[in-house]
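Here the structure comes first, spelled out in structure tokens, and everything after it is commentary.
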Amino acid sequence: MERSLEVAMDAFWPVLKAGLTITIPLSLISFAIALIIAVVTALVKLSHFKLLKAIFSIYVWIFRGTPLLVELFIAFYGLPHAGIELDPWTAAIITFALNTGAYSSESIRSSILAIPKGQWEAAESLGMSYGQVLRRVIAPQTFRISLPPITNDFIDLVKGTSLAASITIAEMTMIGQQITAVTYEPLAIYSLVALIYLAFCSILTYMQGRLEKAASKYV
């Protein structure tokens, strides 16, 4: 037990450093791109462009219906066979962004649909264009309604970045694997990795609550 604690203490900084320099940046970059994809996808799926709706619906169907790990393997190990080579970071960011974007797009789409049609009609009767209605009336309400599910998607993404170890990115889980291979203390090391993930997600959950509280003032 004493040795396990000593190993865990020695591993604390390397694992935390991987979290701060790899896991968090990877999550933030992927999520920023995912949000753009999600908004575009939601708007297209609510539009009258049948061909585009079909294309984006297939995209959402594929990424919601397949495991994230398999998507990562296809992006990193599969695409080179089709002549497309991606470095680990690019493959991870693209995969995480597309996967999270598919889930978040449904949250945004359902949030827009939750707003009564009367608000669209009332705004249009005031002479607002489609873009003005979307920006001034629909977007603020959509933001508030979709905030909880979207932040949950972000928390899932942070945990999902552990899969990046499978394509050689040295994030927290891979650092844990490397230390375990030397120390033969898997329980101590993986418990430490889990605790650091828990700490990250707890901070995000706290920020989610604060953000929801702040946003509710304007609804």
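Just so it is clear, the structure is predicted and the values come from calculations on it, not from any experiment.
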Closest approach of [X] and [Y], non-hydrogen atoms and distance?
| X | Y | value |
| --- | --- | --- |
| Ser107 | Pro149 | OG-CB, 3.6 Å |
| Tyr190 | Gln177 | OH-CG, 3.2 Å |
| Asn99 | Glu71 | ND2-OE1, 2.9 Å |
| Gly101 | Ile37 | CA-CG2, 4.3 Å |
| Ala102 | Val60 | O-CG1, 3.9 Å |
| Ser27 | Leu157 | O-CD2, 3.5 Å |

Can you find a heavy atom in the side chain of [X] that is under 4.5 Å from one in the side chain of [Y]?
| X | Y | answer |
| --- | --- | --- |
| Ile196 | Met172 | yes |
| Ile115 | Ile145 | yes |
| Phe154 | Gln208 | no |
| Val137 | Gln141 | yes |
| Leu20 | Phe200 | yes |
| Ile112 | Leu43 | yes |
| Leu46 | Leu113 | yes |
| Tyr197 | Thr161 | yes |

Report, as yes or no, whether the 6.0 Å neighbourhood of atom [atom1] on [X] holds more than 12 heavy atoms from other residues, nucleotides or ligands.
| X | atom1 | result |
| --- | --- | --- |
| Gln132 | CD | yes |
| Tyr77 | OH | yes |
| Leu187 | CG | no |

Quick one: do [X] and [Y] end up in the same hydrophobic cluster if we chain Ile, Leu, Val, Met, Phe, Trp and Tyr together by side-chain heavy atoms under 4.5 Å apart?
| X | Y | value |
| --- | --- | --- |
| Tyr184 | Ile175 | no |
| Val7 | Met9 | no |
| Ile33 | Phe31 | yes |
| Ile74 | Ile94 | no |
| Leu28 | Phe96 | yes |

Counting only N and O atoms by type, is there a donor-acceptor contact under 3.5 Å from the side chain of [X] to the main-chain atoms of [Y]?
| X | Y | result |
| --- | --- | --- |
| Thr90 | Leu86 | no |
| Thr151 | Pro148 | yes |
| Tyr59 | Ala54 | no |
| Gln119 | Pro116 | no |

Rounded to the nearest 0.5 Å, what's the gap from [atom1] on [X] to [atom2] on [Y]? Could you check?
| X | Y | atom1 | atom2 | answer |
| --- | --- | --- | --- | --- |
| Ile167 | Leu72 | CD1 | CG | 5.0 Å |
| Leu134 | Thr142 | CG | OG1 | 7.5 Å |
| Ile189 | Phe12 | CD1 | CZ | 12.0 Å |
| Phe63 | Thr41 | CZ | OG1 | 10.5 Å |
| Leu79 | Thr95 | CG | OG1 | 8.0 Å |
| Lys159 | Cys201 | NZ | SG | 5.5 Å |

- prompt: Looking at Arg109 and Glu106, does any basic side-chain N land under 4.0 Å from a carboxylate oxygen?
  reply: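 The answer is yes: the pair qualifies as a salt bridge.
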message: Please evaluate residues Met207 and Arg210 with respect to the criterion side chain to side chain contact (heavy atoms under 4.5 Å, CB included), reporting the C-alpha separation (whole Å), side-chain torsions for both, the decisive distance (0.1 Å), and the verdict.
response: CA-CA 5 Å; Met207 292 171 65; Arg210 300 283 296 180; 5.6 Å; no
query: Does the pair Thr173 and Glu171 meet the rule for a side chain to side chain contact (heavy atoms under 4.5 Å, CB included), with working shown?
result: CA-CA 6 Å; Thr173 306; Glu171 48 70 64; 3.2 Å; yes
task: Walk me through it: do Ser104 and Asp153 pass the test side chain to side chain donor-acceptor pair (under 3.5 Å)?
output: CA-CA 7 Å; Ser104 296; Asp153 290 341; 2.9 Å; yes
- prompt: Going through the checks in order, is the side chain to side chain donor-acceptor pair (under 3.5 Å) test met by Ser4 and Glu185?
  reply: CA-CA 7 Å; Ser4 297; Glu185 289 286 350; 2.9 Å; yes
message: Please enumerate all residues that pass side chain to side chain donor-acceptor pair (under 3.5 Å) together with Ser111, with sequence neighbours excluded.
response: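 Partners of Ser111 under the side chain to side chain donor-acceptor pair (under 3.5 Å) test: none.
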